[in-house]
Amino acid sequence: MKDSYLNFVNSPFGASLARSLGLPKPEVLRRYRPERPEFDGLVAIGAAREPQLLDALADLVASIGVTSVAHESVGQWVPLANRHELMTGRFEAADPGSSAKLAALLFDASGIEDSTQLEPLHAFFHDTLRSLGKCGRIVVLGRPPESCSTPRQWTVQRALEGLTRSLGKEARRGITANLLYVTPGAESGIEATLRFFLSPRSAYVSGQVVRIEASVDTASSSAATDLASLQAALPLDWKRPLAGKRAVVTGAARGIGAAIASVLAADGAHVIGIDIPSARDALETTMRQLNGTALTFDIAAPEAPAQIAAALAEEGVDIVVHNAGITKDKTIAKMTDAAWQSVIDINLSAQERIDDALLAAGILREGGRIIGVSSISGIAGNLGQTNYATSKAGVIGRVQSMAPHLRARGITINAVAPGFIETQMTAKIPLTIREAGRRMNSMSQGGQPVDVAQTIAWLAHPGSAGVSGQVVRVCGQSLIGA
Ligand SMILES: NC(=O)c1ccc[n+]([C@@H]2O[C@H](COP(=O)([O-])OP(=O)(O)OC[C@H]3O[C@@H](n4cnc5c(N)ncnc54)[C@H](O)[C@@H]3O)[C@@H](O)[C@H]2O)c1
């Protein structure tokens with residue numbers, strides 16, 4: 001759906017009118033385009049105390065080909081300065097008179113062990129935030145509080161959430177701010193995630209906290225714990241990381257599902273799209289364009305899991321995306337049994353049954369990926385959506401409960417929770433509620449289906465093996481449920 005307000009305030013006349021009336025001016029978000037460089041510009045790196053991730057960070061920043069400058073908080077950490085010719089010293093472009101703009105701010109807070117050691121974060125963001133360009137990126141890295149050895153360390157690492165989320169709200173201008181908690185031993189597994197959060201692919205993902213654990217591969221093989229061997233095992237072609245993979249996407253005929261299919265195909269996967277028989281034409285058209293395969297099933301039918309498993313058995317699958325979903329909104333006193341049951345069945349129980357069938361027969365291969373589409377309604381609840389919110393909260397429970405069971409097979413399971421995304425589903429919402437949903441987030445606009453799709457592609461990436469059991473909101477840092 002078109003956001004007429006966003007288009008208007010970004011026209012020359014609309015921009016000056018918005019300025020004179022003091023109206024909000026949502027930024028036109030920079031999204032990934034294969035023909036444009038994915039990473040560009042200058043990245044400022046800061047750190048505190050004895051940073052443990054700086055080495056991996058500097059390697060990654062160098063490998064994506066951007067220039068980096070080190071803030072004085074990095075101090076005299078010699079290996080970094082020598083290897084990457086980073087400059088130290090107060091960041092000069094923070095001078096308000098300077099036109100230089102930064103593309104991203106990275107801060108390694110992994111060495112902070114006590115709340116008295118937080119000052120370098122203030123100094124770094126104080127000096128650099130005004131120099132961060134439109135649609136810039138902020139990524140703070142720390143240690144998962146629950147992995148910390150002392151209560152003080154746990155406390156201060158947990159404090160990073162408040163900082164990062166506030167930065168997302170203060171920065172505006174299409175800037176995102178996210179926090180990555182890297183478990184000790186998982187340092188070599190951060191590249192795919194860091195790339196995602198630095199890239200235009202994460203245009204509508206802000207205020208999120210992601211934990212990266214040592215994946216089964218990296219944990220079990222001592223050879224793979226060093227960065228060089230892990231990188232050697234990762235796809236060299238970062239533009240087509242899913243080459244050779246087979247991905248199933250339910251509800252792929254339109255909306256977010258069609259966008260997921262399209263992004264996974266662009267990343268190299270063979271996509272098998274599933275949708276209901278009445279959506280056959282749209283599904284076949286989408287799949288033909290992507291050289292994919294169209295399968296028509298009502299996923300909630302009792303025989304569907306076995307039929308889907310049979311259709312996929314010969315070649316197996318690597319990625320399963322449970323996107324199909326419906327709404328049947330009514331307050332609970334007015335909600336019929338059928339409306340309750342169909343929403344729970346399609347949005348939640350069908351996912352469980354299909355996964356069971358694919359896992360029991362080993363059709364979802366080792367190292368596979370399961371991604372469920374939840375919703376911020378499942379986090380916050382919503383008036384008139386008891387059925388929908390129940391089903392979507394269940395999707396979250398499912399990934400959290402299944403992740404430990406699937407770990408031994410190297411299979412990850414995660415959920416994305418979209419906020420307001422411009423689709424036919426949200427076009428049905430009454431105008432005033434729709435406008436509120438669109439604007440009540442740090443981006444002051446709704447997301448696009450491609451924003452959800454790109455987040456799913458990151459979770460499906462071979463390099464995301466250390467990300468499991470998590471829920472990532474694609475909501476522009478919505479105020480709802482935050
Ligand atoms: N649009 C949003 O703002 C938003 C926000 C949060 C979550 N979501 C979730 O994202 C997912 C996609 O939403 P959308 O906006 O693209 O919806 P949509 O209605 O445009 O598309 C849903 C697709 O699922 C298919 N489908 C429905 N029931 C099915 C069944 N029984 N078997 C097979 N396919 C079935 C439909 O035919 C359709 O193609 C849903 O799970 C939805 O709950 C959407």
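Each ligand, and each atom within it, is numbered from 1 in the order the structure gives.
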Test of proximity, [X] against ligand 1: N or O pairs below 3.5 Å:
X	value
I299	yes
F420	no
N323	yes
Q424	no
D298	yes
I421	yes
K392	yes

Closer than 4.0 angstrom: is that true for some heavy atom of I274 and an atom of ligand 1?
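It does not; every heavy atom stays at 4.0 Å or beyond.
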Proximity to ligand 1 by part of [X], non-hydrogen separation under 4.0 Å:
X	result
N347	neither
S377	neither
Y388	side chain

Legend entry - Donor on one side chain, acceptor on other, N441 and Q477, under 3.5 Å: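 Their side chains do not contain a donor-acceptor pair, so the 3.5 Å distance test is not met.
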Under-4.0 Å salt bridge between [X] and [Y]:
X	Y	answer
D451	R201	no
E38	R195	no
R211	E146	yes

* Asked: Nearest non-hydrogen atom to atom 19 (O) of ligand 1 belongs to which of K428, R254, H322?
  ->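 Nearest heavy atom to atom 19 (O) of ligand 1 lies in R254.
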